[in-house]
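Written below as structure tokens is the structure these notes are about.
Residue numbering restarts at 1 for every chain, and letters A, B, ... go by the order of the sequence lines. Because the structure is a prediction, the values reported are computed rather than measured.
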Number of protein chains: 2
Amino acid sequence: MNTRQHNCKEELQETELRATPARIAAMRYFEQTDKPADVQMLKTYLHKQKIKADSATVFRIVNTFTQKGLTKQIQLNENKFRYELADKIDHHHFICDNCGTIEDISDCNIEAIEKEINQKKGLLIKRHRLEFFGLCKSCQR
Amino acid sequence: MNTRQHNCKEELQETELRATPARIAAMRYFEQTDKPADVQMLKTYLHKQKIKADSATVFRIVNTFTQKGLTKQIQLNENKFRYELADKIDHHHFICDNCGTIEDISDCNIEAIEKEINQKKGLLIKRHRLEFFGLCKSCQR
DNA sequence: TTATAGATGCAAGCGTATTGCATGTAGTAT
DNA sequence: ATACTACATGCAATACGCTTGCATCTATAA
Ligand SMILES: [Mn+2]
Ligand SMILES: [Mn+2]
Ligand SMILES: [Zn+2]
Ligand SMILES: [Zn+2]
């Protein structure tokens, strides 16, 4: 058992979730990448790790993780959800129209905008979602 | 034929789309509200207008409208798409966690953020999506 | 009025996501 | 180490959003 896996197991136990092979591997997947994964991607990864999890199980895993606050569910203009670790600092995504690559975007000062909206309209803003679309560096050539 | 309907018909003809009853009524729907509609809502509205359009037809209508630039497709963290008029000035949405009401949000200075991202990361940003979630004025009580 | 490109209805089908139930297993008590 | 039990999983059925093929219908223009 490597360190990373050990960390994953601990993290699961802290949330009162049983550390099953599929869940441990799923956690490891999320910790190894900054690309939000959909259920199919996660299932494929598990399969490569010799863990044959049913799609229903993978859906249950991401729903449970999200409900426990381990991951968060995001939407990138597709008819499916993606998931990524929730413990990252608040950030957004850039998606390339051409190659589909996803890049994290941090340090957007949305709080200022939210404060302004609250003052103008009286809305209590708790969360936001912001995505950018366009061409990545290599696809601009 | 009232003025509004007449406008809708003209708008359709300008885009080389045939002005069928379902399309005219759909245009009228979009012009009468600022709440983004999903296919089911649109279908229900048409039905109330004595126009019984099949779901497939409504899906085709919103796809065609969007393709012709009359409407735009948006996603509000649901596993379905919504549609609204495209000719409004660029704006975003606030969705109440409690009652689901949707409010338009304008005058967000995202361009400044986009310019900063372009300079820092070299990404060419063409569009963005921004939604806020929280509690509307009446649900805060 | 007729001809025809295009729109619709219907049914089949696809992909994502959920759920009920029987079985399997992680965590715990013995 | 063993047995127990609550929880997790596999499997199949199901729901739902959305698309598509094809026959039929119709808005538009000749
Ligand atoms: Mn990310
Ligand atoms: Mn709007
Ligand atoms: Zn690219
Ligand atoms: Zn509300």
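Listed by chain and number, the hydrophobic cluster partners of A:Ile89 come to none, as no ILVMFWY side chain reaches under 4.5 Å of it.
Around NZ of A:Lys52, the count of heavy atoms belonging to other residues, nucleotides or ligands within 6.0 Å exceeds 12. No more than 12 heavy atoms of other residues, nucleotides or ligands lie within 6.0 Å of CG in B:Asp107, so this atom counts as exposed by the packing criterion. Heavy-atom neighbours of A:Lys35 NZ from other residues, nucleotides or ligands within 6.0 Å: above the threshold of 12. Within a 6.0 Å radius of NZ in B:Lys115, other residues, nucleotides and ligands contribute 12 heavy atoms or fewer.
Of all heavy-atom pairs spanning B:Ala19 and B:Leu12, the tightest one is CA-CD1, 4.0 Å. Residue B:Tyr45 comes nearest to B:Tyr29 through the heavy atom pair CG-CD1, 3.3 Å, listed as atom of the first residue, atom of the second, then distance. Between B:Leu135 and B:Cys96, the closest heavy-atom pair is CA-SG, 4.0 Å. A pairwise comparison of heavy atoms in B:Phe30 and B:Leu85 identifies CB-CD2, 3.6 Å as the closest pair.
Heavy-atom contacts of chain B under 4.0 Å fall on DNA chain D between two terminal nucleotides, which in 5' to 3' order are D:dG17 to D:dT28.
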Heavy-atom protein contacts under 4.0 Å, nucleotides 21-30 of chain C, coded B base, S sugar-phosphate only, - none: ----BBS---

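Salt-bridge formation is not detected for the pair A:Glu84/A:Arg82: no Lys NZ or Arg NE/NH1/NH2 atom is positioned less than 4.0 Å from an Asp or Glu carboxylate oxygen.
Interface residues of residues 40-55 of chain B facing DNA chain D, ordered by number: none; criterion, heavy-atom separation under 4.0 Å. Within residues 70-86 of chain B, the residues that have a heavy atom under 4.0 Å from DNA chain D are, in order of number, B:Asn79, B:Lys80, B:Phe81.
Nucleotide C:dA7 holds its C1' atom 15 Å from the CD atom of B:Glu16, rounded to whole Å.
In the model, B:Ser55 has a side-chain atom that pairs as donor or acceptor with a side-chain atom of B:Lys43 under 3.5 Å. Defined by atom type and a distance below 3.5 Å, a donor-acceptor pair is missing between the side-chain atoms of B:His128 and B:Glu111.
Inter-axis angle, ends of the helix from C:dT1-D:dA30 to C:dT30-D:dA1, five pairs per end, rounded to 10 degrees: 20°.
Side-chain atoms of B:Gln75 come within 3.5 Å of backbone atoms of A:Glu78 as a donor-acceptor pair (strictly under, hydrogens ignored). Side chain of A:Thr57 to main chain of A:Ala53: no donor-acceptor pair is present (N/O by atom type, distance under 3.5 Å, no hydrogens or angles).
A:Asn63 comes within 4.0 angstrom of the backbone, heavy atoms only, and of no base.
In this pair, A:His93 and A:His91 present their aromatic rings perpendicular. The plane angle is above 60°, beyond the 30 to 60° band.
Along DNA chain D, the nucleotide closest to A:Ala22 and the one closest to B:Ala56 are compared, and the more 5′ of them pairs with A:Ala22.
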